[in-house]
Amino acid sequence: MRYWLLKTEPNTYSWDDLKNEQNMTTTWEGVRNYQARNLIRDEIKEGDLAFFYHSVVKPMAIVGIVEIVRGAYPDHFALDPNHKYFDPKSRADKPTWYMMDVRAREEFIRPVTLTELKSHPLLSQMRLLQKGSRLSVQPVTPMEWRYICDLSQLRKV
DNA sequence: GCCAACGTTGGC
DNA sequence: GCCAACGTTGGC
């Protein structure tokens, strides 16, 4: 089982949005970056866990934990010409993009902010904290995972 | 609102 | 295959 971090802009899709979904489960579509695509398609497996990170908002923070409840399958939104995630290069018989399903599992009673993450030397190698790191799907090491979970209290959702 | 970093596009 | 131009991301 491996650990990940998923970025989202809460203006677009937030932790509260996820908690309000039926079964607190949503599709995770619209990833249009090849590096992130490769992680979804090749590395992320059902049962893996991921931090849910709010970007471009105050405060920027990890707010909860989701479980991957369905591994990679073709992103059908790429095939819909009327959808904002449409990509004319993707084809049904040869999909370019992949999506997955995630479910809210736990939330941080106190969100762990980007500022706080940066203040911990042991987290200095975190992908999220590297200059210019724009990847919206990132790996998290087991050490980083445990360390960050210990920074806040978790509660089941 | 700014702008550095990054990814993609397209002419050559 | 190179690389300049362009568009986007995302922290500040």
Show me, pair by pair, the donor-acceptor contacts under 3.5 angstrom made by side chains of residues 117-126 of chain A, not counting sequence neighbours?
from, atom 1, to, atom 2, distance (Å)
S119(A), OG, E116(A), O, 2.7
H120(A), ND1, Y147(A), OH, 2.8
S124(A), OG, P121(A), O, 2.9

Exercise answer: donor-acceptor pairs, residues 148-157 of chain A side-chain atoms, under 3.5 Å, sequence neighbours excluded:
from, atom 1, to, atom 2, distance (Å)
S152(A), OG, R110(A), N, 3.2
S152(A), OG, R110(A), O, 2.7
R155(A), NE, E107(A), OE2, 3.0
R155(A), NH2, E107(A), OE2, 2.7

Acceptor/donor pairs from residues 59-75 of chain A side chains to any protein atom, 3.5 angstrom cut, sequence neighbours excluded:
from, atom 1, to, atom 2, distance (Å)
E67(A), OE1, R105(A), NE, 2.6
E67(A), OE1, R105(A), NH2, 2.9
Y73(A), OH, D101(A), OD1, 2.5
D75(A), OD1, F77(A), N, 3.0
D75(A), OD2, G30(A), N, 2.9
D75(A), OD2, R32(A), NH1, 2.9
D75(A), OD2, R32(A), NH2, 3.1

Partners meeting side-chain hydrogen bond (donor to acceptor under 3.5 Å, both in side chains) with N82(A) (sequence neighbours left out): none

Residue pairs passing the salt bridge (Lys or Arg N to Asp or Glu O under 4.0 Å) test where at least one lies in residues 139-148 of chain A, sequence neighbours excluded: none

Letter per nucleotide, 5' to 3', of nucleotides 2-12 of chain C [B base touched, S only sugar-phosphate touched, - untouched; heavy atoms, 4.0 Å]: -----BBBSSS

